[in-house]
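Input: a single structure, listed below in structure tokens.
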Amino acid sequence: MAFEGLSERLQKTFSKLRGKGKVTEADVKEMMREVRLALLEADVNFDVTKTFIKKIRERAVGSEVLDSLTPAQQIIKIVNEELTQIMGTSAVSLNKAPKIPTIIMLVGLQGAGKTTSAGKLARYLKDEKRARPLFIAADVYRPAAVEQLKTIGQQIDVPVYEEGTTASPVDIVQRGLQQAQENKNDYVLIDTAGRLEIDDQLMDELSQIKALAQPNEILLVVDSMTGQAATHVAEGFNQRLDLTGVILTKLDGDTRGGAALSIRAVTGKPIKFIGSGEKLAALEVFHPERMANRILG
Ligand code: GDP
């Protein structure tokens with residue numbers, strides 16, 4: 001399960017405090033050392049960890065804790081609040097265009113779960129918002145991607161605008177958007193190409209698609225299993241494309257949690273959804289406070 005290591009370590013650290021009637025500054029210092037190690041081991045970004053520990057320490061040596069009759073609970077409450085804070089405080093909903101269609105562009109590295117997440121998002125929009133989405137298949141470098149999107153489209157009854165793999169992605173997007181106008185689709189989901197790593201050619205193409213489509217959302221799909229690398233990827237994409245949010249995938253696996261805890265703090269962009277399985281129903285709105293509760297058990 002995701003966060004298992006981090007969760008266990010934090011709980012063990014706090015359980016040492018539980019029996020204590022009073023907590024001293026030395027206790028707090030020792031505990032902070034353990035929390036710091038637990039976060040770094042969970043692959044949380046170094047600077048994020050440092051800032052987090054500083055904040056907790058400042059609060060934990062205050063009267064809120066040291067004079068409290070239940071210091072352990074107070075400290076856990078503070079850690080919970082600060083964990084929630086670094087993940088963004090509260091859920092952030094999808095942007096919506098004032099006039100249809102709302103255009104959502106999905107970007108990310110190959111294998112992150114972009115095409116699958118496009119399917120999950122379309123299903124979510126249909127179910128939750130009674131939307132009539134259209135997919136645009138703009139990943140022309142991986143031939144299987146177009147077929148994969150068509151299969152997903154059939155499963156959830158969402159049309160796919162595609163031109164195979166020979167036309168240019170920018171042209172495909174342009175014609176796809178025309179089709180959406182004609183069909184009065186209220187949402188358009190653009191599945192773009194991925195690469196094994198960030199490169200200029202990919203970023204140029206994505207920038208061109210962005211300039212043409214002027215999307216309301218540019219969501220980065222990123223694999224939580226890759227830890228720190230996921231945070232670097234998010235930084236790279238955000239610098240070039242100014243993302244509006246993130247979909248963090250594969251949280252059903254045994255990810256250590258670093259990406260979930262670092263991305264918001266490093267990029268300033270919210271995680272909007274999390275992927276929790278391969279099925280199209282396995283998409284959840286990201287709630288920072290629920291995630292913090294889950295980590296602290
Ligand atoms: P793309 O190259 O980014 O378009 O990636 P795909 O959508 O093809 O996904 C790559 C693999 O990751 C596929 O086997 C998906 O089933 C799997 N996948 C995507 N999202 C999740 C998730 O949230 N959990 C799990 N366990 N697998 C996922």
Side-chain angles (χ1 to χ4, degrees), residues 1-4 104-125 127 133 135-156 158 160-162 164-165 169 172-173 176 188-199 201-203 205-206 209 215 217-227 229-234 236-238 240-241 243 245-261 263 271-287 290-291 294:
M1 199 195 102
F3 304 114
E4 204 162 30
I104 302 175
M105 183 173 162
L106 292 135
V107 301
L109 296 184
Q110 226 171 62
K114 196 165 25 61
T115 306
T116 310
S117 297
K120 289 176 176 180
L121 200 53
R123 184 186 179 280
Y124 166 86
L125 291 168
D127 284 5
F135 288 126
I136 298 180
D139 181 357
V140 297
Y141 306 108
R142 190 166 67 92
V146 178
E147 291 309 313
Q148 191 184 344
L149 199 59
K150 279 163 72 180
T151 307
I152 289 172
Q154 277 163 10
Q155 278 171 26
I156 56 174
V158 169
V160 180
Y161 183 83
E162 56 102 1
T165 56
I172 295 174
V173 169
V188 177
L189 283 83
I190 307 173
D191 186 27
T192 63
R195 293 269 207 286
L196 291 175
E197 55 188 43
I198 294 178
D199 65 47
Q201 204 193 345
L202 170 70
M203 287 301 171
E205 180 181 303
L206 296 175
I209 295 177
E217 286 279 359
I218 305 181
L219 297 175
L220 172 71
V221 179
V222 69
D223 180 346
S224 66
M225 299 291 287
T226 62
T231 310
H232 291 309
V233 167
F237 273 89
N238 190 44
R240 292 291 298 265
L241 294 171
L243 304 170
V246 172
I247 300 180
L248 193 59
T249 64
K250 308 186 194 180
L251 273 169
D252 51 310
D254 58 356
T255 167
R256 286 178 287 167
L261 287 166
I263 283 180
I271 298 172
K272 293 199 171 180
F273 293 93
I274 53 177
S276 52
E278 293 192 77
K279 298 217 165 71
L280 293 178
L283 183 79
E284 295 165 36
V285 172
F286 181 67
H287 291 279
R290 286 186 207 164
M291 192 59 80
R294 195 163 129 188

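Both ligands and their constituent atoms are indexed starting at 1 by order of listing.
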Task: Proximity to ligand 1 by part of Asp252, non-hydrogen separation under 4.0 Å - done: side chain

TODO: Give the single entry among Lys114, Arg142, Glu278, Lys279 that approaches atom 3 (O) of ligand 1 most closely by any heavy atom.
DONE: Lys114

TODO: Indicate yes or no: does an N/O atom of Gln110 lie under 3.5 Å from an N/O atom of ligand 1?
DONE: no

- [ ] Flag the pair Glu4 and Arg256 as a salt bridge only when some basic side-chain nitrogen lies within less than 4.0 angstrom of an acidic carboxylate oxygen.
- [x] no

TODO: For ligand 1, indicate whether the residue Lys120 contacts it via side chain, backbone, both or neither (heavy-atom separation under 4.0 Å).
DONE: side chain

- [ ] Measure the distances from the heavy atoms of Gly194 to every atom of ligand 1 and state whether one is below 4.0 angstrom.
- [x] no

Open item on the list: Quick test: of every protein heavy atom, which one is nearest to atom 11 (C) of ligand 1, and how far off is it to 0.1 Å?
Closed with: Lys250 NZ, 4.2 Å

Open item on the list: With heavy-atom distances below 4.0 Å as the criterion, list the atoms of ligand 1 near Gly275.
Closed with: 23 (O)

Task: Proximal atoms of ligand 1 relative to Gln148 (non-hydrogen, under 4.0 Å) - done: 6 (P), 7 (O), 8 (O)

- [ ] Would you please determine whether Ala112 falls within less than 4.0 Å of ligand 1 on a heavy-atom basis?
- [x] yes

TODO: Answer yes or no: does atom CD of Gln155 have more than 12 heavy-atom neighbours from other residues, nucleotides or ligands under 6.0 Å?
DONE: yes

Open item on the list: Among all the protein's non-hydrogen atoms, which is closest to atom 21 (C) of ligand 1, and how far away is it?
Closed with: Gly277 O, 3.5 Å

Task: Donor-acceptor under 3.5 Å (Ser117 side chain, Gly113 main chain) - done: yes

- [ ] Give a yes/no on ligand 1: does Gly108 have at least one heavy atom closer than 4.0 angstrom to it?
- [x] no

TODO: Look only at interatomic distance and state if Thr249 has a nitrogen or oxygen under 3.5 Å from any nitrogen or oxygen of ligand 1.
DONE: no

Open item on the list: Students should be able to answer this: which protein heavy-atom is nearest to atom 5 (O) of ligand 1, and at what distance?
Closed with: Gly113 N, 3.1 Å

Task: Heavy atom of the protein closest to atom 6 (P) of ligand 1 (residue, atom name, distance) - done: Thr116 OG1, 3.5 Å

- [ ] Under 4.0 Å, heavy atoms only, figure out whether ligand 1 is touched by the backbone of Leu109, its side chain, both or neither.
- [x] backbone

Open item on the list: To check your reading of the model: name the closest protein heavy atom to atom 10 (C) of ligand 1, its residue, and the distance in Å.
Closed with: Gly111 O, 3.7 Å

Task: Proximity of Ser276 to ligand 1 by residue part, where a heavy atom lies under 4.0 Å - done: backbone

- [ ] Give a yes/no verdict on whether any heavy atom in Gly253 is under 4.0 Å from an atom of ligand 1.
- [x] no

Task: Rounded distance [0.5 Å steps], CG in Leu283 versus OG1 in Thr249 - done: 10.5 Å

